[in-house]
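A note on names: the letters A, B, ... follow the listed sequences, proteins ahead of strands, and every chain is numbered from 1. Both backbone and side-chain heavy atoms feed into the values below; hydrogens, waters and symmetry mates do not.
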There are 2 protein chains.
Amino acid sequence: MTQAVLKESETGGFEAFTPRQNAVLETALRLLVEGGGGALTTARIARAANCSKESLYKWFGDRDGLLAAIIAYQASKVRVPGTGPLPETEAAFREHLEQFASDLLSVLSGDVSLALNRLAIGQASRDDAHLGRLVLERGRRMIGQRAGALLEAGRRRGFIRYEDGDAVFQTLYGLVIRDFHVRQLLGDTLTTEEGDFSAQAKSAIDQFFALYGTEGAARS
Amino acid sequence: MTQAVLKESETGGFEAFTPRQNAVLETALRLLVEGGGGALTTARIARAANCSKESLYKWFGDRDGLLAAIIAYQASKVRVPGTGPLPETEAAFREHLEQFASDLLSVLSGDVSLALNRLAIGQASRDDAHLGRLVLERGRRMIGQRAGALLEAGRRRGFIRYEDGDAVFQTLYGLVIRDFHVRQLLGDTLTTEEGDFSAQAKSAIDQFFALYGTEGAARS
DNA sequence: TCCAATGCGTACCGTACCGTACGGTTCGGT
DNA sequence: ACCGAACCGTACGGTACGGTACGCATTGGA
């Protein structure tokens, strides 16, 4: 009985899967990306992963548990971009922000992220949003914490000025992501210009400094 | 044979439904909002609308046709906010922008809009995104056109300055919507502050003028 | 008054999926 | 060499859904 419980893991449920379970989840992720949410049935997963449905139910308890495990597994794989040392100079701070913005665009535009978000959004409704909350907790919240630390460091050094930490992060998010995320979720494809995440990030950070910077922002 | 064809209506298929069909689509929308995408089965729609499944298939041809008709019907109901006269003074221009931003937040946060977007996103995958394209065409594109006209009027009058019309609209969209849309799609609920769309719109337009305005932006 | 069309209600069929059960097999411990 | 646990492959029951067919009521026109 190696069932991996992670239901009601509001605080920080230590989800540890065996290597075999990780392989199964990896296969499930591949199926999800290739065939969309409709292709994610227990029979298909079992066949693709060379395991039995009985094992799936023994490991993950339920179909919702399996989906939740897939989300948790992917979240555990994606390490929050660069939790490294915080920047000391304004140039380094701007560099960090641009890197963060570019990484954010890349991650949210990735096949796996889009497929998982589509799955969670498709399952969500006004009442029940189990998977949606999980995605928000394991994904959005982590990114917000990372960005919050970065922005706070910039504020401490006097590179930017703001009062409401949540508001400034949401503005940064809006400037960087614009309508790209929802458009891609709906199946739209970005233009070649829009797909240049480095340039998009640079432009967004320029605008961000124009709003929150303390110095005359040197245009790139 | 009053089948309402609207497949491959890339240009602008004139979808006209009979009153009875409109009533059925209205009932379907109610079911969708109340019970999520999973509750949108042909049997349930027929029972709730007091019609037969055979009529559904005769009118809309297919289940996809039915879903597409629901989207088209809702899009035909929501009139693009205020296609009225364009503003002459800068104060009126700012007022128009704030109204547009507030309306955009209200529409995208509405139950029906969220449910339809969830449905289209849940159906979408990397290959097929039939409903997603329809939502983008009937919803996003209309909003973009309206905003483009408004912004162009402001530029003609010299209230704002920009070069790339698409880029400026996307920046406006990002400043207004931030991460609210995806969060709500995932089932999250906005805080009371975030739910004050009027205040959010004012703040966003302030930031927008700080980026693209020609005068020293008077902070409200 | 008759008739054809439209549409409602219901029953039905094939299929797909979730969840479970069973027989056979592999593998680590003793 | 033996045993039990874990696991794979497959099959099965129950259910729900998409799509179709049939019987009957209503309605508008000749």
If a pair satisfies salt bridge (Lys or Arg N to Asp or Glu O under 4.0 Å) and one of its residues is in [range], list it, with sequence neighbours excluded.
range	answer
residues 16-27 of chain A	A/E26-A/K77
residues 170-191 of chain A	A/D179-A/R183, A/D179-B/R140, A/R183-A/D188, A/R183-A/E194
residues 34-49 of chain B	B/R30-B/E34

Mind checking the CG-OG1 spacing from A/D196 to A/T192? Nearest 0.5 Å is all I need. 9.0 Å
So if I define the base as every atom that isn't primed, P, OP1 or OP2, how would nucleotides 8-24 of chain D read as a B/S/- string at a heavy-atom cutoff under 4.0 Å? BB-------SBBBBB--
Neighbour count above 12 (heavy atom, 6.0 Å) for B/E95 CD: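 Not buried by this count: 12 neighbours or fewer within 6.0 Å.
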How close do A/Y162 and A/G165 get, heavy atom to heavy atom, and via which atoms? CE1-CA, 3.7 Å
Mind listing the closest non-hydrogen atom pair of A/A124 and A/A129 along with its distance? CB-CB, 4.1 Å
Sequence neighbours excluded, the answer for ring pair (Phe, Tyr, Trp, His ring centres under 6.0 Å) partners of B/F169 is none
Starting at atom CG of B/L56, determine the distance to atom C1' of C/dT10, rounded to an integer number of angstrom.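 The distance from CG of B/L56 to C1' of C/dT10 comes to 14 Å, rounded to the nearest Å.
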Five-pair end axes of the helix from C/dT1-D/dA30 to C/dT30-D/dA1 and the angle they enclose, rounded to 10°: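 The end-segment axes of the helix from C/dT1-D/dA30 to C/dT30-D/dA1 are tilted 0° relative to each other.
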